[in-house]
Amino acid sequence: MRSQLVLLLTLIACGVISTFATGMNPYYYDILVGIGINIILATGLNLVNGYTGQFSLGHAGFMAVGAYGSSWLTLSYGYILGSSSIAITTGYVIALLLGGIGAALAGLIVGIPSLRLRGDYLAIVTLGFNEIIKGIIQNCEALGAQRGLGGMVLHTNFFWTFAFAALTVYVVVSLVNSTYGRGFLAVKDDEIAAEAMGINTTKYKVLAFVLAAFFAGIAGGLYAHFKQFIHPEGFNFIKSVDIVVMVILGGMGSTVGVCLAAVLLTILPEFLRKVSHYEWLPDWFRHVAENRMILYSLLLIILMLTRPQGLFGVRLARKK
Amino acid sequence: MLEFLQQLINGLAQGSIYALIALGYTMVFGVLRFINFAHGDVYMLGAFAGFYIGPKMLRLFGDQPGYGVLISMLLVTMILCALIGIGIEWLCYRPLRNRPKLTVLITAIGVSLFLENGGQFLFGADPKSFPEILTDRYISLPETWGRISELGIQLSAAISMLVTVILLFGLRHIVLHTKMGMAMRALSFNPVAASLMGINNSVVIAFTFGLGSALAGAAGILTSIQQPSIDPLMGISAGLKAFVAAVLGGIGNLPGAALGGILIGVIETMVVGYISPTYRDAIVFGVLILILLLKPTGLLGASEQEKV
């Protein structure tokens with residue numbers, strides 16, 4: 001009951017803040033919405049990578065399905081419910097949800113190999129699915145092929161982003177803390193033992209993929225209707241790594257940690273961009289600061305060598 | 001028919017490169033049971049090593065492109081890449097030897113990203129043109145059945161196939177007929193028992209990394225003499241395809257890696273030639289997913305009992 005109340009209060013707060021947020025500096029507003037979208041992505045992926053222990057490297061692919069799916073819907077059928085603002089907003093939310101469902105279906109397909117594969121193989125297969133989704137979009141004329149898709153109406157605002165972020169966090173937290181959802185942790189700790197205890201590991205693994213994909217699809221829809229232009233290259237391997245880094249830095253299996261990491265890693269590139277303009281810093285330092293991927297990769301290596309559980313996570317069991 | 005045969009020849013040349021890279025994945029997987037994500041980037045470093053060593057070697061040989069330059073460059077690059085491979089293992093993977101698989105996997109992704117972006121930082125992100133170390137020309141194949149005479153092959157492609165074959169037999173000799181090779185096989189079979197029998201696991205693992213990286217370095221040079229444009233991100237797609245090749249042939253299996261590499265090269269060239277270049281990557285990954293679902297041990301791999 002308490003968590004539902006918190007969710008409700010958060011939603012109300014989002015609505016209130018949203019009415020004031022329109023007058024904000026657009027640059028900060030952009031970062032703020034980016035934070036919300038990244039929280040949705042990272043919290044969703046945490047369910048797969050963190051709680052269930054299935055390493056997925058293709059999260060951007062699901063985001064792409066949601067982004068393209070919902071954009072195609074609003075572009076083609078945006079005025080089907082009428083042209084009043086309420087009708088258009090309803091259409092937008094329905095398009096978001098349908099995009100999420102489309103991504104969830106993709107997640108179902110990707111979840112099936114996870115029944116037979118684990119670890120490195122699963123990582124590569126999910127990466128492969130990401131490339132395949134990208135490849136299909138690149139060859140689909142209705143989705144703009146390699147030119148990208150534009151012309152979406154700006155619908156996404158502070159309210160929708162953070163309402164969905166709060167909903168994602170709520171669903172993931174209450175699911176994992178329920179008796180039912182403990183199965184996710186059991187799958188992570190020891191799949192064979194979990195199976196022996198009568199837990200249907202198949203169900204949990206597929207469910208984790210489907211839910212994570214659904215939220216990634218929503219995030220993609222939000223992103224598309226905020227930037228109003230999407231491009232297949234925006235949903236490539238690097239984007240997937242971005243999300244994975246958030247999950248790992250925050251600590252796999254810690255929702256609070258992952259949300260904090262999402263905030264931190266959304267702000268960091270912007271901060272580094274500023275740093276790279278400081279003339280008094282040495283040239284090489286400014287170059288490194290400009291390339292956030294160098295820092296991300298070093299961060300990954302150093303984290304794994306010194307603190308593999310992330311900043312807030314629980315240490316994984318030592319296995320031979 | 002003619003076009004098909006020509007595509008087949010091109011596919012074989014491309015496939016021999018993938019085969020060389022795939023061997024590194026397979027060997028490391030054999031002894032350590034993990035996929036070295038950074039392997040494709042060692043291939044990229046090989047190409048860049050050639051880019052910087054090439055002009056110096058050319059000067060050494062009196063500014064005359066030719067086989068001497070190529071061979072000496074191959075050797076220097078292979079040694080350099082072997083050292084890089086050993087260095088990566090020593091710095092990043094050795095401290096994690098008894099940690100969960102996931103930790104090593106993430107580290108490997110980190111190393112891969114570091115090499116790609118560090119490469120962009122060091123070498124510059126724009127494509128570079130590889131120095132001409134061999135005067136390339138087009139060889140028409142001998143006229144035996146009349147019509148086939150229109151078939152041909154670039155000299156560089158022919159050389160890279162030849163070098164691949166030589167390296168494959170060299171590797172076969174090392175693995176089957178030397179003490180180090182026997183130690184590698186023992187380690188792959190059972191690491192604990194191997195160390196009880198007096199094998200220094202760390203040395204063997206370092207050697208394996210060195211050997212695999214040397215082959216990747218050679219592949220980097222062989223690609224660059226065919227397609228002289230190199231850039232710091234060239235290792236990503238080549239590495240992934242070589243990995244698919246290793247899985248296709250049966251990961252952990254050396255002849256399988258060679259076979260898989262050649263098959264992937266041929267499939268890729270056929271897709272580009274007959275369907276569309278934009279479907280190239282998607283189809284290669286489609287092959288991977290099909291293989292993993294239908295025959296996870298690959299074409300030549302033996303099935304392995306999962307240890308509980």
Side-chain angles (χ1 to χ4, degrees), chain A residues 49 53 55 57 110 112-113 116-125 127-136 138-139 145-146 190 192-193 196 237-238 241 244-245 248 252 284 287-288 290-306 308-309 315-320, chain B residues 29 33-38 88 91-93 95-96 98-122 125 191-192 233 236-237 240 243-244 247 251 275-276 278-289 291-293 296 306-308:
Chain A
N49 286 13
F55 201 77
L57 257 183
V110 181
I112 292 166
R116 297 185 60 164
L117 310 168
R118 55 194 65 163
D120 307 18
Y121 280 112
L122 186 62
I124 301 255
V125 165
L127 197 166
F129 267 109
N130 191 347
E131 290 297 318
I132 291 174
I133 290 172
K134 212 181 84 188
I136 292 172
Q138 277 173 344
N139 283 288
Q146 292 185 328
D190 194 327
I192 295 159
F237 171 55
I238 301 290
V241 171
V244 168
V245 174
I248 292 167
M252 294 197 273
W284 64 268
H287 279 300
V288 171
E290 239 171 309
N291 191 339
R292 75 180 196 289
M293 290 315 286
I294 293 189
L295 290 170
Y296 274 22
S297 52
L298 279 177
L299 188 72
L300 272 184
I301 299 172
I302 293 169
L303 260 182
M304 286 302 113
L305 290 173
T306 56
Q309 70 272 40
R315 189 180 266 276
L316 290 167
R318 205 170 257 257
K319 264 193 219 163
K320 269 277 150 78
Chain B
F29 189 87
R33 305 271 150 211
F34 98 97
I35 297 162
N36 180 14
F37 256 95
I88 292 173
L91 278 175
C92 301
Y93 302 146
L96 299 173
N98 293 319
R99 293 272 188 81
K101 283 260 180 65
L102 208 53
T103 315
V104 190
L105 170 69
I106 297 164
T107 314
I109 295 172
V111 173
S112 160
L113 288 173
F114 180 71
L115 292 180
E116 284 151 19
N117 294 287
Q120 288 190 329
F121 173 65
L122 266 184
V192 180
L233 299 183
I236 303 177
S237 91
L240 284 172
F243 169 75
V244 176
V247 174
I251 194 152
I275 306 175
S276 156
T278 39
Y279 273 118
R280 185 170 59 187
D281 293 5
I283 284 184
V284 171
F285 280 111
V287 170
L288 172 73
I289 291 164
I291 277 288
L292 285 176
L293 290 179
E306 173 107 18
K307 285 176 201 150
V308 179

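FYI, side chains are in, hydrogens and waters are out, and symmetry mates aren't considered; it's all heavy atoms of this structure. Naming convention: chains lettered A, B, ... in sequence-line order (proteins, then strands); numbering from 1 in each chain.
- If you take CZ on F237(A) and OG on S237(B), they are separated by 12.5 Å, rounding to the nearest 0.5 Å.
- Within the 4.5 angstrom heavy-atom criterion, no atom of E116(B) approaches chain A.
- Heavy atoms from other residues, nucleotides or ligands lying under 6.0 Å from CZ of F114(B) number 12 at most.
- Of the listed residues (L303(A), L305(A), I136(A), L295(A)), the greatest number of heavy-atom pairs within a distance under 4.5 Å of chain B belongs to L305(A).
- Contact count against chain A (heavy-atom pairs under 4.5 Å) is highest for L96(B) among L240(B), L96(B), V284(B).
- Highest contact tally toward chain A, considering only V104(B), L113(B), I283(B), is held by L113(B) [criterion: heavy-atom pairs under 4.5 Å].
- When heavy atoms are compared at a cutoff of 4.5 Å, L57(A) approaches chain B solely by way of its side chain, counted from C-beta outward.
- Expressed to the nearest 0.5 Å, how far CG of N130(A) lies from CD1 of I238(A) amounts to 10.5 Å.
- If you measure heavy-atom distances from I302(A) to chain B, you find no contacts under 4.5 Å at all.
- Heavy-atom pairs under 4.5 Å with chain A were tallied for L91(B), I106(B), T107(B); the largest tally goes to I106(B).
- A donor-acceptor contact closer than 3.5 angstrom links the side chains of Y93(B) and N36(B).
- Between I301(A) and C92(B) there is a side-chain heavy-atom pair separated by less than 4.5 Å.
- Of the two parts of I248(A), only the side chain, counted from C-beta on, holds a non-hydrogen atom closer than 4.5 Å to a non-hydrogen atom of chain B.
- Side-chain contact between F37(B) and I109(B): present, with at least one pair of heavy atoms (C-beta onward) separated by less than 4.5 Å.
- Note on V244(B), I251(B), I289(B), L288(B): by heavy-atom pairs under 4.5 Å with chain A, the leading option is I289(B).
- Looking only at side-chain heavy atoms (C-beta outward), L300(A) and S297(A) stay at 4.5 Å or farther from each other.
- The residue among L298(A), I112(A), N139(A), V125(A) with the most heavy atom pairs within less than 4.5 Å of chain B is N139(A).
- Using a 4.5 Å cut-off between heavy atoms, V244(A) makes no contact with chain B at all.
- Pairing each heavy atom of A123(A) with each of L105(B), the nearest pair is CB-CD2, 4.0 Å.
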